[in-house]
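All residue numbers refer to positions in the sequence shown, counting from 1.
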Amino acid sequence: MFKTILIANRGEIACRIAATARKLGIKTIAVFSDADAQAKHVTYCDVAVRIGESPALQSYLKGDAILAVAQQYGAQAIHPGYGFLSENEGFALACTQAGLTFVGPPAAAIAAMGSKSAAKTLMAQAGVPLVPGYHGENQEIAFLRQQADALGYPVLIKASAGGGGKGMRVVESSQDFEAALASCQREARASFGDGRVLIERYLQKPRHIEIQVFADTHGNCVYVFERDCSVQRRHQKVIEEAPAPNMDPKMRRAMGEAAVAAAKAVAYVGAGTVEFIVEPDGRFYFMEMNTRLQVEHPVTEMITGLDLVEWQLRVAAGEPLPLSQEQLQFSGHAIEARIYAENTENGFLPSVGRLRHLQLPEHVAFMNGDVRVDSGVRCGDDISPFYDPMIAKLVAWGATREQALARMQQALAETQIVGVHTNVNFLSRLIADASFALADLDTGLIERRREKLLPPPTPSADHVLGCAVAAVLFEESLERACQTQYQQTTVDPWSIQDGWRLNGTYRRRFVWLDGQTPRQVDLLGRVGDQRLEIDARSHDFCWSGQRLTSGAYLLELRLGGVRRTATVQRQGERFDVFVEGMHMMLCLQDPLKQALHKEAGQTGGLTAPMPGKIIAVHVIVGQTVRQGDALLVMEAMKMEHAVIAPVDGVVKEIFYGVGEQVSEGVALIGLT
C-alpha cells in the first residue's frame, strides 16, 4: 500500500479521499488555489501546497505543477477525485511516465471512453446496445443537420468529449438546430477543449440508470449494482438512489453484464460508471462511461457497506478486488440529494456568496449509517464563481425506500444555509412529490412537475412573520441585558424599548417586505401578555429565545396556541427564518430609507443574474430589440446563460464586451 498520496482535487471529494487514506494509515498532500487557501480540504490533509490562482485553468488543471508537488513531497500516487484532471488521458500518462501511480484507469482506457463517438463505435463492436444516432467524425454543420433531420425530432446534441450536462441541448425542430449546435460547440470547447458533438434520437420519458463497475490488474471485473439518476435539471443530476426502483434481478444482471463487457472492451482498471438510458419498456442503451468515481458513489456505499475509495487505492496498489461478483450483496435503500448554491426561482442559476450560517444534519457514518453528510465547506466559507456550486451531499439510508425518503425529508428539514440561494426548499418539495414518492421516474420529471416543484411565491404564513417579530424583540432584550450589565450608571428609563405603559396597552407596528409584498404586523398588549395582528387576524403571542454560536437565534414561539421552534438569522434588515423544514426570507422595512430610495429614483437596464464572463454580444448600440430577444450570453461555472430583453426597446449602451468578467447585479445593457 502507498505511504503518501497527493489529492489533485478540492471540496467534499478531497475530504472524502483524505478520510479513507487516514483510515488506511496513508499520508495525504492537498493542493489548493488562492480561492481555497482556507478551505476545508486544506485542513483535512497532512500537507497543503498552493498550486496557483483561483481559476481552475491556473490551478487544479495545471498537471505539470501538480506532478512537481507530488515529486517534491514524496507521493507515490495521485488521486484525481472527479472533475478537473480525473478523465484527462494526458495527465494519467504523465503520472505513469513520472513514476507515479494514477489512481484510475490506464490512459488508453480514458482515451477510448473520452470521445463519446469513438466509445459508441467500440461499444457496438462489443455488443453493447446503443441509442440510434450519428457518432462519427464529420462535424460539418450541414451534414450534422442532415443527420438530425433523418433521425427525426426531437434530437439530442451532446459534446463528444463531455459529461455532466455540459455542451448538451435538446432540439425540437430543424430550424432551431444550427443555433443549438453553435451553443453546444462553444460550451464544449470552454469545458473540455473539444467542440465536437454527436447527434442522437431524443428518447421520450427515459430513465437514467448507471452501473458501478470495478476492475483490477489481475483480470477481475465486477458490477457493484446500479444507481437511478433520472431526476435531473438541465441534464445534471439532482437526486440519485440505489438500488434503482422497480429493477428486477433479470434486468439488473443484464445491465450489469453489459457494463462489465464495456469495461473489458477497453481493458479497464479501477472504478468506473457505465451509464445507460432506459426506455419505459425496459430496453436500455449505452450512453457513456465515466472513467472515474462518480459524485453519487455514496448511495452504493450505503447499501453495500463498501468503501469504494479504499477499493480504488487497493486496486491502484496492485491488489486484487476484495470481493467476487458472487460475494457482492446489498441491503436496504439509499437516496442522495445534492445541496447546491443556486437560485431555483431564476432558472437554477448558480449563486455565490459567503456562508454566514450553515447547519447540516449530524453525520452518522460513511457506510452503514442512517444519514451521511459529505461536504467540503464550513460556516464562513465563500461559494466562489470559479468552481461547481455544490455545498453538500445528503445521503439517507433506510430498510425500505419509504424509510429512506422519510429520513431524507428529516435531513433536509435540519439543513439551514444563509448567505447564498440554495435548492433546499426545492429538494424538500421534490422528495415529497407524489410522482417521486411512487417512483414514477424519468429524466423529464422536474419539468413535468414544474408547477408543483417550482410554485409561484406565496405569502408567508402568520407564524413566519411572528418568528421575525420575536427575533427583533429577542435582539432588543439582549441589548438591554448588555446595557444593564456593563453600564456604571442607571439606564435612562426613556431609552428602554420594552413597551411598558402606565395605563392601557401599547401598539408597535412592523412592516416586512415578503417577496415583493409589504406585510403589516402590529404588536399589542403588555410585556407577558401580547398579541399579534396580521391582516386582520389576531393571535395570542409569546416567545423565548437563545443565541446560537453561529450568531443566529433559536426561538420558541407560541402563536394562537400553537408552539413552534424556529431559527432566525439576521443580517442588517434581512431576516432568514427556518421553521417546519422550510426557509423564508423577510426584510424589515424602514420608512425613512424607503422615502430616500424613492426620492433618488431608479435607473433602467439589464443586470447580470450571476458573476461570470461575457462570451457573446448579439446587439449593437441603437439597435431595436423586442421582448424575448437574446441580447448577450454569459458563461458561469462552465454553463451558458442568455440574457433576454425584458421589454421592447432600443439599445442605449453596452457596458461590457466579450471576454470581460462581471459581478452579479451589475448593469450590462441600457435600454430606452
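- Annotation: side chain of L203 is in contact with side chain of R201 (closest heavy-atom distance under 4.5 Å).
- No side-chain donor from either of T443 and R207 sits under 3.5 Å from a side-chain acceptor of the other.
- Of the N and O atoms on the side chains of R314 and Q312, not one donor lies less than 3.5 Å from an acceptor on the other residue.
- Side-chain contact between V617 and Y656 is absent, with no heavy atoms from C-beta onward closer than 4.5 Å.
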| said: Does Q71 form a side chain to side chain contact (heavy atoms under 4.5 Å, CB included) with V69? I'd like the steps, not just the answer. | reply: CA-CA 5 Å; Q71 292 173 321; V69 171; over 6 Å; no
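- The backbone N or O of H421 lies less than 3.5 Å from a partner atom in the side chain of S351, making a donor-acceptor pair.
- Taking 4.5 Å as the limit, some side-chain heavy atom of V222 sits within range of a side-chain heavy atom of L321.
- For D382 (side chain) and S384 (main-chain N/O), no donor-acceptor pair under 3.5 Å exists by modelled atom type.
- For S230 (side chain) and H208 (main-chain N/O), a donor-acceptor pair under 3.5 Å exists by modelled atom type.
- The CG atom of N88 sits 10.0 Å away from atom OG1 of T291, with the distance rounded to the nearest 0.5 Å.
- Among residues two or more places apart in sequence or in another chain, the salt bridge (Lys or Arg N to Asp or Glu O under 4.0 Å) test is passed with E240 by R338.
- Rounded to the nearest 0.5 Å, atoms CG (D374) and CD1 (I13) are 8.0 Å apart.
- E447 and R233 are not joined by a salt bridge, as no carboxylate oxygen comes within less than 4.0 angstrom of a charged side-chain nitrogen.
- Going from atom CZ of F32 over to atom CD1 of I51 covers 9.5 Å, rounded to the nearest 0.5 Å.
- Interatomic distance, CD of E53 versus CZ of F386, reported as 9.5 Å (0.5 Å rounding).
- For Y153 and D149, the side-chain atoms include at least one donor-acceptor pair closer than 3.5 Å.
- Heavy-atom contacts from other residues, nucleotides or ligands closer than 6.0 Å to CD of Q175 number more than 12.
- Summarising the geometry of C221 relative to V260, their closest heavy-atom pair is SG-CG1, 3.9 Å, with the distance given to 0.1 Å.
- Between the side chain of K393 and the main chain of V295, a donor-acceptor pair closer than 3.5 Å is present.
- Judged purely by atom type and a 3.5 angstrom limit, D629 has no side-chain atom pairing as donor or acceptor with the backbone of L631.
- Test L427, N423, T422 against T344 for side-chain contact (heavy atoms from CB on, under 4.5 Å) and you get one pass: N423.
- A258 approaches V128 most closely through the heavy-atom pair O-CG2, 3.8 Å.
- With hydrogens and angles left out, the side-chain atoms of Y285 and E279 include a donor and acceptor closer than 3.5 Å.
- Salt bridge D176/R169: absent, no basic N to carboxylate O contact under 4.0 Å.
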| Given E288 and K120, is the side chain to side chain contact (heavy atoms under 4.5 Å, CB included) satisfied, shown in steps? | CA-CA 8 Å; E288 62 186 359; K120 288 179 184 291; over 6 Å; no
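- Ion pairing of K237 with E210 is present here, as a side-chain N (NZ or NE/NH1/NH2) and a carboxylate O approach within less than 4.0 Å.
- Considering every non-hydrogen atom in both V213 and A259, the closest pair reads CG1-CB, 3.7 Å.
- The backbone N or O of P206 lies less than 3.5 Å from no partner atom in the side chain of D442, so there is not a single donor-acceptor pair.
- Ion pairing of R145 with E178 is present here, as a side-chain N (NZ or NE/NH1/NH2) and a carboxylate O approach within less than 4.0 Å.
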| task | For the pair D34 and R50, evaluate salt bridge (Lys or Arg N to Asp or Glu O under 4.0 Å) and give the outcome as yes or no after the intermediate values. | result | CA-CA 7 Å; D34 289 344; R50 179 186 179 272; 2.6 Å; yes
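- Counting heavy atoms from C-beta outward, V395 and I335 have side chains that stay 4.5 Å or more apart.
- Partners of S33 by side chain to side chain contact (heavy atoms under 4.5 Å, CB included), not counting sequence neighbours, listed by chain and number: A35, D36, S59, Y60, Y387.
- Side-chain atoms of H79 never come within 3.5 Å of backbone atoms of A18 as a donor-acceptor pair (strictly under, hydrogens ignored).
- Residues G133 and L151 approach most closely at CA-CD1, 3.8 Å, considering heavy atoms.
- Taking the side chain as every heavy atom from C-beta outward, L668 and T607 never approach each other to under 4.5 Å.
- Distance check: F655 CZ to I614 CD1 gives 12.0 Å after rounding to the nearest 0.5 Å.
- The side-chain heavy atoms of I29 and I7, taken from C-beta on, include no pair separated by under 4.5 Å.
- The NE2 atom of H218 sits 5.5 Å away from the CG atom of D216 when rounded to the nearest 0.5 Å.
- At most 12 heavy atoms of other shown residues, nucleotides or ligands fall within 6.0 angstrom of atom CD1 in I141.
- At distances below 3.5 Å, not a single donor-acceptor pair connects side-chain atoms of K158 with backbone N or O atoms of C184.
- For the pair I110 and P105, the tightest heavy-atom approach, listed with the atom from each and the gap, is CG1-CG, 3.6 Å.
- Heavy atoms from other residues, nucleotides or ligands lying under 6.0 Å from CZ of R450 number 12 at most.
- The existence of a salt bridge linking K166 and E187 is excluded, since no basic side-chain nitrogen approaches an acidic carboxylate oxygen closer than 4.0 Å.
- Checked against the 6.0 Å centroid threshold, Y340 and F348 do not count as a close aromatic pair.
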| query | Yes or no on side chain to side chain contact (heavy atoms under 4.5 Å, CB included) for V266 and M113, after CA distance, side-chain angles and deciding distance? | reply | CA-CA 8 Å; V266 295; M113 288 298 185; 4.0 Å; yes
| said: What verdict does the side-chain hydrogen bond (donor to acceptor under 3.5 Å, both in side chains) test give for Q294 and E275, after you've listed the backbone C-alpha separation in whole Å, the side-chain angles of each residue and the deciding distance to 0.1 Å? | reply: CA-CA 11 Å; Q294 289 280 81; E275 303 197 8; 3.0 Å; yes
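- A heavy-atom distance below 4.5 Å is not found between the side chains of V662 and K613.
- Looking at H297, R227, E296 one by one, the single match for side chain to side chain donor-acceptor pair (under 3.5 Å) with Q212 turns out to be R227.
- Judged purely by atom type and a 3.5 angstrom limit, T96 uses its side chain to pair as donor or acceptor with the backbone of A92.
- Of all heavy-atom pairs between A263 and M289, the closest is CB-CE, 4.2 Å.
- Using a distance-only test at 3.5 Å, with no hydrogens or angles considered, a donor-acceptor pair links the side chain of Q623 to the main chain of I620.
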| Test side chain to side chain contact (heavy atoms under 4.5 Å, CB included) applied to L306 and W311, step by step | CA-CA 8 Å; L306 303 176; W311 275 40; 3.8 Å; yes
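- When each of Q185, Q139, E137 is tested with R196 by the rule side chain to side chain donor-acceptor pair (under 3.5 Å), just one qualifies, namely E137.
- With a 4.5 Å cut-off on side-chain heavy atoms, I78 and L67 count as touching.
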